[in-house]
Amino acid sequence: MNLFADPRWSEALGHLPDYLGNHVRVSVTALALGLAVSLPLAIAARNRRVLRGALLGLASIVQTVPGLALLALFYPLLLALAAVSLSWFGFGFSAFGFLPAVLALALYSMLPVLRNTITGLQGVDAAILEAAQGVGMTPLQSLFTVELPLALPVMMAGIRTAAVWVIGTATLSTPIGQTSLGNYIFAGLQTQNWVFVLFGCLSAAVLALTVDQLLALIENGLRNRSRMRATFGGAGIAVLVAATLVPAMTRSQTTYIIGAKTFAEQYVLSALMAQRLRAAGLSASSREGLGSNVIFGALAANDIDVYVDYSGTLWANQFQRSDIRPRQEVLNELKTMLAKQNITLLGELGFENAYALVMPRKRAEQLGIRSIADLAPHAAGMSMAADYEFFSRPEWAGLKKAYGLSFRAQRQMQPDFMYAAAASGEVDVIAGYTSDGLIAKYDLVVLADPRHAIPPYDAMVLLAPRRAGDAALRAALQPLLGKIDIAVMREANLRAAGNDATSSPDAVAKWLWEKIGTK
Amino acid sequence: MALPRAGGRKRLAGGSRLADCSAIAVSLAENPRRMPTSSLISYAHVGKTFDGGRGANRVVAVDDVSLDVAEGEFLAVVGGSGSGKTTLLRLANRLIDADEGHITVEGEDVRNVDPIGLRRRIGYVFQSGGLFPHLSVAGNIGITPKLLGWPADEIAARVDELVDLVRLDRAQHRDRLPHELSGGQRQRVGVARALAAKPRIVLMDEPFGALDPLTRDALGDDYRELHRRLGLTTVMITHDMTEAMLLADRIAIMRGGRLLAQGTPAELSDSSDAYVGELLRTPRRQAERLGALLPRDGAA
Ligand SMILES: Nc1ncnc2c1ncn2[C@@H]1O[C@H](COP(=O)(O)OP(=O)(O)OP(=O)(O)O)[C@@H](O)[C@H]1O
Ligand SMILES: [Mg+2]
């Protein structure tokens, strides 16, 4: 079969205007901001040793922070700033998506620009500087007519490095709500869609190379005093930016934005909701791959309109509750707590996606383990794996306390690889998700929780404050409530984990709708 | 005056110069030591000390120098490496500021004038050339007029005039970058740049160094002629006593930051200072040797 006959290529291509446009916008803005800050700083620092050292040191430290962490750090920072600005100056701003991404990426771009500008300016021959002074230039004239032109090649090398870094790192801005080419990569990794992953990587690389070459053209033009080449390069960048602005301009403003966290079930459910909205004649777009701490804040701040969260997650994370309550009580209490933030709990979908301890069926039967209580005596000799959040979540603390659990080793893993790791015996127990289709696929078993240490995790639809009274939205989503049981969701999730054309979130969502619509 | 006779052309140029020279010698004799009106540059007990850098001793680059340069005069400053010649020159257009003493240019204490304006009024030829590598010959020559805000067509006309004046070829050289020129051509551009804004004063720091003797001779003669024709006041640094004697009206001799002696070649040859005597011995010996080797020079 021809690799490119796969319909997922055309699906990927369909997202390109949106993803690429956003990617270019955020990268170019960040780069422009980074340059606007670093160039004057570098110029100011070139003759000041202390400032120079401090700046370069600071920029190097920023560089050592992984891109993903830097982006993630800006979200809470801006959230706090937005709150302060709202209470002091009466206006808030969105800490979601564009702004934190631009700030983090701009910061990230500063090191190569600072370093190369300072190096380039210092590399100008002292005799030339004296000549500039001697012919009667003011320091500013010397800077602009002599020093900067002579330092230009070194400076441009730095700017090009910064551009390539920013474009590459911008793929990591997806989890803080900035749509980018990273959407392909995050979605592809979560839903085992390697076509998407490849497409995302390739398009980011092509974009980086294109911008790099355009900058090289500008540099070449400036250096050889060829106005044509410089104009050509500049025009290329301008066209790139303009082209990406068009889709943003034409996008309608009434779009409902549906959020999704970074796992397959969420992609499927957001696709399902989008399909329902469109079927009801509403325009909908998704903001996928959001970090689970980012998404709730985004909803509360009206940056997204609707998404699916789980009662236990909100209970423990958003409201910091560690007490275990019966299911209905949790739901009722959540409803009132959410209402205080003007968030509407529209209703439950009908299944739970709880954390659960999961192990291979055969091994469990051999050892006679059916519940977590049975597991506890064996735990000291076993290793356990979970996703990146689990071990720092209150549920884990609750489990350990309730059952006296203590494993020989704890590992963190990409959720999709966890199940295979358990099946192959690489780890003994995993903290899986009850709605995950891979449990059946790998012949794993969910251990019972007789002491109710794990809170209930009902999937439920939340609406943003500004959509509280939106009857059309409610009506469009109403048919989903209470209709999706655990068996259907597991099968849907299993389908989404497949690696072919029928496994795209959209296709699975269609399948899911047929399944529940006919019930 | 025991000047070597290098050739017919030189003798002609030399002749006109000798006339100027004696005229100044006369004026010098008339107002010895003080010439408040006719002295264009004057140093009075000037001192300049440099920080030697990490832990090193301080360097006294210029030490209690008093020197007057009359209007229209061509003064050569001679001295060994590190004797403070460049420092002395840089003090005049405030590339550096004196620690002690006073320097007046065109009757004004340089400390009271705007250094930028001062530098635009004074032509300066740098020891290392100091051409801007990213600017064409025309761009380099026209830089000071441009800074002074001359209209573009006037600058272009002035550049053409100067390219001719320093005997470069308009069509060939005007738009080249400095690295596309020979060393001698670069030095011509340096001189042209110094003259571009029509200064009354030109300071030249070894302008003809690192050139073959023929080019050097020709450039020197050319400049001497310009100096005369344009009525310039020139201070030129050189290592080469012969060059100094051939071109300048008066010579100042520096050693270890101090001004050892000054005067016309004839006055200097009367000096009792051993170092001055030694400096003068070289050209004299050269002249004698050449006289012996080329007995019928000039008749050929
Ligand atoms: N910026 C400076 N900092 C420290 N010392 C300096 C500086 N400029 C000059 N000097 C010192 O001052 C002394 C005189 O230097 P200057 O450049 O005036 O010598 P010069 O006579 O022009 O020598 P040369 O013939 O080699 O060009 C030297 O010892 C030199 O090292
Ligand atoms: Mg010198």
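These figures come from a predicted structure and were not determined experimentally. In what follows, every chain begins at residue 1, and chains take the letters A, B, ... in the order their sequences are listed.
Proximity to chain A (any heavy atom under 4.5 Å) is restricted, for L131(B), to the backbone atoms N, CA, C and O. Both the backbone and the side chain of I116(B) come within less than 4.5 Å of a heavy atom in chain A. Contacts of Q141(A) with chain B are made by side-chain atoms alone, with heavy-atom separations under 4.5 Å and no backbone atom involved. With a 4.5 angstrom heavy-atom cutoff, I128(A) touches chain B via backbone and side-chain atoms both. Using a 4.5 Å cut-off between heavy atoms, T144(B) contacts chain A through both its backbone and its side chain.
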Test L39(A) against M155(A) for side-chain contact (heavy atoms from CB on, under 4.5 Å), laying out the working first.
CA-CA 9 Å; L39(A) 287 180; M155(A) 286 168 60; 3.9 Å; yes
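Remark: H239(B) NE2 is packed, more than 12 non-hydrogen atoms of other residues, nucleotides or ligands lying under 6.0 Å away.
Considering only heavy-atom pairs separated by less than 4.5 Å from chain A, the leading option among G130(B), P133(B), A197(B), S128(B) is P133(B). Most heavy-atom pairs under 4.5 Å with chain A: of the set Q127(B), R193(B), R94(B), R90(B), this distinction falls to R90(B).
Note: Y184(A) and Y19(A) have perpendicular aromatic rings, judged against thresholds of 30 and 60 degrees for the angle between ring planes. Taking the six-membered ring for Trp and thresholds of 30 and 60 degrees, H134(B) and F132(B) have ring planes more than 60 degrees apart, a perpendicular arrangement. The aromatic rings of Y223(B) and F208(B) lie tilted to each other, with the angle between the two planes from 30° to 60°.
T169(A) OG1 to L71(A) CG: the interatomic distance, rounded to the nearest 0.5 Å, is 7.5 Å.
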